[in-house]
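Presented below is the structure to which this report refers.
Just so you know, ligand 1 is whichever comes first in the structure, and atom 1 is the first atom listed for that ligand. If you're wondering where the values come from, they're calculated on a predicted model, not measured in any experiment.
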Amino acid sequence: MTAKTTLVTGFLGSGKTTTLLHLLAHKPADERWAVLVNEFGEIGIDGALLADSGAFLKEIPGGCMCCVNGLPMQVGLNSLLLRGRPDRLLIEPTGLGHPKEILRLLASPFYESWINLQATLCLLDARQLSDARYTDNENFRDQLAAADIIIANKQDSYAPRDRELLAAWARDHGGERPIIGATRGDISLALLDSPRRNLRELPGGTHHHAVPAAKTGLAALSLPASAGWRRALNRGQGYESCGWIFDGETVFDTVRLLEWARLAPVERVKGVMRIAEGALMVNRQGDSLFIETRPAPPPDSRIELINPAPAEWNILQSNLLRARLN
Ligand SMILES: Nc1nc2c(ncn2[C@@H]2O[C@H](COP(=O)(O)OP(=O)(O)OP(=O)(O)O)[C@@H](O)[C@H]2O)c(=O)[nH]1
Ligand SMILES: [Mg+2]
């Protein structure tokens, strides 16, 4: 059985996981879906956000799946396909990933009888088109270039200027490709059945694999028995991340934790944390913070910060530790 497979790309914080959650909420009850998420940080958060969403889930934390984690990614993918035998597979690569290499892997003869690759959807926050930190970023540009369909997400936050920039971008770089507006990834499921371009038509040269700076791999997910928490750093593609994982017993003060997440001087914050009331999902991109609570406590607490420059991780860590209730 081949799984209809959709790669959902987009820069850091553009709304990939939110879109997957929307799609999963509309999954036909009689279909088996699987989700593969690959995160930049070592401490997997998107998996926790996607938990209980009704799909087989596999998470590969730590860098881009085409470079650093080539093997774990393939092992993860193979086990999802073999054990899940899904009708449909959705893949979220890291917002700092290399889509062309990932597409090449998925379209390779090895996966021919398993994967039926559909159109690549790329999430774009048009507000970022006015900021050279994004438009000059190679990953940002490569992802848009490799897409078959562009999803202009976060429409609820666009100013007239963002719409103008989007129209200009579409004129200069869009080609024949559809550009579909969305808010919180509310796209039609029909997009998952759109045909993809031939890989040979994709623009751009071949990406040279970066040598990972510091690597702890999947081992970062295990906790030492004594401390009750640990942290993991990752660096690459011009970004740094620092994440912490705490055991299931550790409970956080909601107010102090939110204050910390709101004020941390970094570009991206995301976590699933245990609070007295259950679980607190924290998801911040720039200045916009999105939170949600769920009554069931999570199996552990995990939170990650991502920034284009090194941050004062030790100070941030002390403050985070102070937000614990016990
Ligand atoms: N205002 C607004 N916020 C959104 C929308 N879609 C997503 N967000 C918020 O944007 C932030 C990032 O969303 P995610 O879905 O986690 O983005 P992502 O692309 O998966 O992020 P990474 O995996 O870290 O690259 C979260 O705070 C979301 O709540 C939208 O349409 N409008
Ligand atoms: Mg995500």
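Residue contacts with ligand 1, taken as heavy atom pairs separated by less than 4.0 Å, involve R268 solely via side-chain atoms from C-beta onward. Contacts of D46 with ligand 1, taken as heavy-atom pairs under 4.0 Å, involve the side chain alone. Under 4.0 angstrom from ligand 1, the non-hydrogen atoms of S14 come from both its backbone and its side chain.
To the nearest 0.5 Å, atoms CG (L233) and CH2 (W313) are separated by 7.5 Å.
Between R294 and E277 there is no salt bridge, since no side-chain N of the basic residue sits under 4.0 Å from a carboxylate O of the acidic one. Salt-bridge check for R196 with D148: failed, with every basic side-chain N at 4.0 Å or more from each acidic carboxylate O. Comment: R302 does not engage E304 in a salt bridge, judged by the lack of any side-chain N to carboxylate O separation of less than 4.0 angstrom. Ionic pairing of E101 and R104 is present here: one or more N-O contacts between side-chain nitrogen and carboxylate oxygen are shorter than 4.0 angstrom.
For D287, the CG atom sits in a loose shell: 12 or fewer heavy atoms of surrounding residues, nucleotides or ligands are nearer than 6.0 Å. Atom CZ of R163 sits in a crowded spot, with more than 12 heavy atoms from other residues, nucleotides or ligands closer than 6.0 Å.
What sits closest to atom 11 (C) of ligand 1 on the protein, heavy atoms only, is N283 OD1, 3.8 Å. Regarding atom 3 (N) of ligand 1, its nearest protein heavy-atom neighbour is R184 NH1, 3.7 Å. Shortest contact from atom 6 (N) of ligand 1 to any protein heavy atom: N153 ND2, 3.2 Å. The nearest heavy-atom contact from the protein to atom 32 (N) of ligand 1 is D156 OD1, 2.8 Å.
Taking the six-membered ring where tryptophan is involved, the planes of F140 and F11 are perpendicular, since the angle between them exceeds 60° and thus also 30°.
Sorting the N, O or S atoms of D46 by how far they are from the Mg ion (ligand 2) puts OD2 first. Taking the Mg ion (ligand 2) as reference, the nearest N/O/S atom within E92 carries the name OE2.
Within ligand 1, counting atoms from 1 as listed, the ones closer than 4.0 Å to a heavy atom of S157 are 1 (N). The atoms of ligand 1 that sit less than 4.0 Å from any heavy atom of F290 are 27 (O), 29 (O). Within ligand 1, counting atoms from 1 as listed, the ones closer than 4.0 Å to a heavy atom of T183 are 31 (O). Here is the list of ligand 1 atoms found below 4.0 Å of a heavy atom in K270: 22 (P), 23 (O), 24 (O). Near E92, with a cut-off below 4.0 Å to any heavy atom, the atoms of ligand 1 are 20 (O), 23 (O). Below 4.0 Å from some heavy atom of L12 lie the following atoms of ligand 1, by number and element: 25 (O).
When T18, D186, I45, L123 are ranked by how near their heavy atoms come to atom 7 (C) of ligand 1, first place goes to T18. Here the shortest heavy-atom distance to atom 9 (C) of ligand 1, taken over K154, E267, K16, E292, belongs to K154.
Of the N or O atoms in G13, one or more lie within a sub-3.5 Å distance of an N or O in ligand 1. For the pair G15 and ligand 1, the shortest N or O to N or O distance falls below 3.5 Å.
Within the 4.5 Å cutoff, no side-chain heavy atoms of S14 are placed close to those of N153.
Geometrically, R184 engages F290 in a cation-pi contact, judged by NZ or CZ lying under 6.0 Å from the ring centre and within 45° of the ring axis.
For R127 (side chain) and A159 (main-chain N/O), no donor-acceptor pair under 3.5 Å exists by modelled atom type.
For the residue pair R256/N319, the side-chain donor-acceptor check at 3.5 Å is not satisfied.
At a cut-off of 2.8 Å, T17 is counted among the residues with an N, O or S atom near the Mg ion (ligand 2).
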